[in-house]
Protein chains: 2
Amino acid sequence: MTKVKIHSKEIPVKTIGRLSQYRRALLICSQKGKTHIFSHEIAAIQHVTAVQVRRDLMLIGFNGSLKQGYDISKLIAVISEILDYEPGVNVAIFGLGNFGRALFNYFHGKRSLLRIVATFDSNTEKIGTEYNKVYCYSPYRVEEIIKKKDIKIAILTVPPDKAEEVAKKVVDAGIKGILNYTSTPIDVPDDVFLDEYDMITTMEKAAFFVKMNELNL
Amino acid sequence: MTKVKIHSKEIPVKTIGRLSQYRRALLICSQKGKTHIFSHEIAAIQHVTAVQVRRDLMLIGFNGSLKQGYDISKLIAVISEILDYEPGVNVAIFGLGNFGRALFNYFHGKRSLLRIVATFDSNTEKIGTEYNKVYCYSPYRVEEIIKKKDIKIAILTVPPDKAEEVAKKVVDAGIKGILNYTSTPIDVPDDVFLDEYDMITTMEKAAFFVKMNELNL
DNA sequence: ACAGTATTGTTATTAATTTAACAATAATGA
DNA sequence: TCATTATTGTTAAATTAATAACAATACTGT
Ligand SMILES: NC(=O)c1ccc[n+]([C@@H]2O[C@H](COP(=O)([O-])OP(=O)(O)OC[C@H]3O[C@@H](n4cnc5c(N)ncnc54)[C@H](O)[C@@H]3O)[C@@H](O)[C@H]2O)c1
Ligand SMILES: NC(=O)c1ccc[n+]([C@@H]2O[C@H](COP(=O)([O-])OP(=O)(O)OC[C@H]3O[C@@H](n4cnc5c(N)ncnc54)[C@H](O)[C@@H]3O)[C@@H](O)[C@H]2O)c1
C-alpha cells in the first residue's frame with residue numbers, strides 16, 4: 001500500500017509519515033508560544049525541504065497565509081484530524097525485558113490516544129506484577145486479553161526465537177498492527193500493519209558511510 | 001546522497017540497506033547448514049520481491065547458478081566485502097539510561113567489526129563505572145576520548161533537551177555517524193551520516209492504519 | 001501609488017525506485 | 001531427442017517521489 005484516501009483524495013503514505021513529523025515540530029513550537037510558522041521553518045526542523053512541506057500541506061488541503069505562514073494550532077488540529085482515531089487505540093507490549101521496559105517508559109503518557117493497556121511476559125516473576133501501573137499477563141492469556149481489552153497494536157520485544165510464535169498468536173487474536181523489534185523478520189497478513197526496526201541495520205549503514213568517507217578521501 | 005560507488009558502479013543507497021538485510025537472512029540459513037539459496041527464498045524472509053533481490057545482486061555483480069541459486073557463503077563474503085570496514089569502526093553511547101543500556105546489551109558482541117568502546121553519562125554515579133566492561137566517561141571528556149579512541153559513530157540516548165548540545169560536541173570532535181534516538185531532530189554537516197528513529201512516529205503510523213482498517217470496512 | 005520582497009499553492013519536470021517482461025540456460029524426464 | 005520446468009540476469013516500462021519553476025498574492029517602505 002503506497003497511497004491512502006483522505007476525503008476522497010489520494011495521499012502518499014510517505015506524506016502521512018511526514019505529517020506525524022510536522023506535528024511533532026508544531027507541538028514544540030506551539031509550546032514555545034509561537035502561533036504561526038513558515039514552510040521553511042518546519043522544513044529546517046525536520047530534515048525535509050520547504051517545497052516538500054508545502055506540497056504535503058497542499059495535498060491535505062491546508063492553506064497558510066502569505067505573510068504569516070501557517071497557523072500552528074489550526075494545522076495541528078487538521079493533522080490530528082487525519083492521524084488520530086478518536087476513541088483511541090489500545091496497545092500491548094510482548095516481552096517486558098530491558099528493551100520492552102525502556103520503550104514503555106519512553107512512550108508512557110506521550111500520546112493520550114495511544115494507550116498501553118497490557119503487557120505480556122513468560123517469566124513467572126513478572127506475571128501478575130504491574131509496571132507503570134499496567135498489569136503483566138501470562139502469554140497463555142494473550143487471546144483472551146486482546147479481545148477483552150480490544151487491543152489493536154502489539155509491540156514485540158520478546159527473544160528473537162519467540163517472535164514468530166508470538167506474532168502468529170497476536171494476529172490470530174485480532175491485532176491489526178505490529179512493531180517488531182525482534183531481529184527475526186515475521187510474516188503477517190496484508191491487512192496487518194507491520195514495521196520492523198533493527199538498530200544493527202542502521203549501524204551497518206552508518207559504518208558503511210564511515211568507510212566511504214575515509215576511502216574516497 | 002542517493003547513490004554510492006562500488007567498484008566504479010553506482011549503487012543505490014537503498015540497495016546497501018537491503019544487502020545488510022540479505023546478509024542477516026543468509027547468516028541464519030548458513031547456520032542451519034544450508035549452502036545455496038534462491039532469490040525467492042531470500043525475498044520471502046526479508047519482505048522484498050525476488051526481482052528486487054536479483055536486481056540488487058546484479059548491481060553488485062554477484063552471479064548465482066541456474067539450478068542451485070546463490071552460493072550462500074560466497075554471497076555473504078561479497079556483501080561483507082562491501083559493507084564491512086576491515087579495521088573495524090569504534091562506537092560510543094551517549095546517555096547510559098534505560099534505553100542506552102538496552103541498546104548496548106542488544107548490540108553487544110553481535111558484530112565483531114563494530115565495537116562499542118566508550119559510554120558517556122553526566123550522572124556522577126555512573127561516571128567511572130563500567131557497563132559490559134566498557135568505561136563510562138564524563139561528558140567533559142568527550143573530545144579527548146573520541147580522538148584518543150578514534151570513535152566514529154555516536155549513539156545518542158541522552159534526554160531530548162540535551163540532544164543538540166551533545167550532537168554539536170561529537171561532530172566537532174570528529175564523529176562521522178550519528179544514530180539519534182532522542183525525540184529532538186538534530187542538524188549535522190553533510191559529511192556526517194545521520195539516522196533518526198522514534199518509535200512514536202511508527203506507532204502513529206500503525207494507529208493510522210488501524211483507523212483506516214476500521215473505517216473503510 | 002508602486003517597485004521590491006517573501007511566501008504560498010500548484011503545475012511541470014526530473015530523478016529514483018520498483019515492477020514487469022523475457023531471453024538465456026541448464027536440468028529433468030517422457 | 002525434445003518439450004517442460006524453474007531459475008537467473010538484464011533490459012524496458014511503469015510507478016512513485018522529489019525537485020524545480022513560477023504565477024499569484026499580500027505586505028513593506030518609499
Ligand atoms: N530492534 C532493536 O534495535 C533492538 C534493540 C534491543 C533489543 N532488541 C530485541 O528485543 C528483544 C528484547 O530484548 P531485551 O534486551 O529486552 O531482552 P530480555 O531478555 O531482557 O527480554 C525479553 C523478555 O521477553 C520475555 N519472554 C520470553 N518469551 C516470551 C513469550 N513467549 N511471551 C512473552 N514474553 C516472553 C522474557 O521473559 C523477557 O522478559 C530481543 O529480541 C532483542 O533482540 C532489538
Ligand atoms: N527513539 C525511541 O524510540 C526512543 C525510545 C526510548 C527512549 N528514547 C529517548 O532516549 C533517551 C534516553 O531515554 P531513557 O529512557 O534511557 O532516559 P534516561 O533518563 O534513563 O537516560 C538518559 C541518560 O542520559 C544521561 N545524560 C543526561 N545528560 C547527559 C549528557 N549531557 N551527556 C551524557 N549523558 C547525559 C542521564 O544521566 C541518563 O543516564 C531520551 O531522549 C528518550 O526520549 C527514544
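Order of the sequence lines fixes the chain letters, A, B, ..., with proteins taken first and strands second; residue numbering starts at 1 for each chain. Scope of the values below: all heavy atoms of this structure, side chains included, with no hydrogens, waters or symmetry mates.
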> What integer distance in Å separates D56(B):CG from dA16(C):P?
Replying inline: 16 Å

>> Both M58(A) and K67(A) contact DNA chain C. Which one's nearest nucleotide lies toward the 5' end?
In response: K67(A)

>> Using heavy-atom distances to pick each residue's nearest nucleotide on DNA chain D, tell me which of F62(B) and K3(A) is more 5'.
In response: F62(B)

> Only one of Y106(B), Y181(B), Y197(B) clears ring pair (Phe, Tyr, Trp, His ring centres under 6.0 Å) with F99(B); which?
Replying inline: Y181(B)

> What nucleotide, of dT19(C), dT18(C), dT25(C), holds the atom closest to the side chain of K14(B)?
Replying inline: dT18(C)

> When the distance from CD of Q52(B) to P of dT17(C) is rounded to whole Å, what number comes out?
Replying inline: 10 Å

> What's the CG-C1' distance between L59(B) and dT11(D), to the nearest Å?
Replying inline: 13 Å

> Does R55(A) make a side-chain donor-acceptor contact with the base of dT19(D), cut-off 3.5 Å?
Replying inline: yes

> Please give, in whole Å, the distance from dA27(C) C1' to Q68(B) CD?
Replying inline: 11 Å

>> Looking at K9(A), I want to see if its NZ is surrounded by more than 12 non-hydrogen atoms of other residues, nucleotides or ligands under 6.0 Å.
In response: yes

> Is F104(A) close to I116(A) at the side-chain level, that is, under 4.5 Å between some pair of heavy atoms?
Replying inline: yes

> Taking atom P of dG9(C) as reference, at what distance in whole Å does atom CG of L75(A) sit?
Replying inline: 11 Å

>> Could you measure the distance from the CG atom of N90(A) to the CG atom of L113(A)? Nearest 0.5 Å is fine.
In response: 10.5 Å

>> When you compare the side chain of D161(A) with that of T184(A), does any pair of heavy atoms fall below 4.5 Å?
In response: no

> How close or far is atom C1' of dT18(C) from atom CZ of R54(B), stated in whole angstroms?
Replying inline: 13 Å

> Picking from dT18(C), dT17(C), dG9(C), which would you name as closest to the side chain of P12(B)?
Replying inline: dT17(C)

>> Would you say N63(B) places a side-chain N or O within less than 4.0 Å of OP1 or OP2 belonging to dG9(D)?
In response: yes

> Among residues 32-42 of chain A, which residues get a heavy atom nearer than 4.0 Å to DNA chain C?
Replying inline: F38(A), S39(A), H40(A)

> With a 4.5 Å heavy-atom cut-off, do F94(A) and I178(A) have their side chains touching?
Replying inline: no

>> If I take atom OH in residue Y70(A) and atom P in nucleotide dA26(D), what distance separates them, rounded to the nearest angstrom?
In response: 15 Å

>> Do R111(A) and E204(B) have side chains that approach each other closer than 4.5 Å (heavy atoms only, starting at C-beta)?
In response: yes

> Within this structure, what is the CG-to-P distance between L66(A) and dA23(D), rounded to whole angstrom?
Replying inline: 15 Å

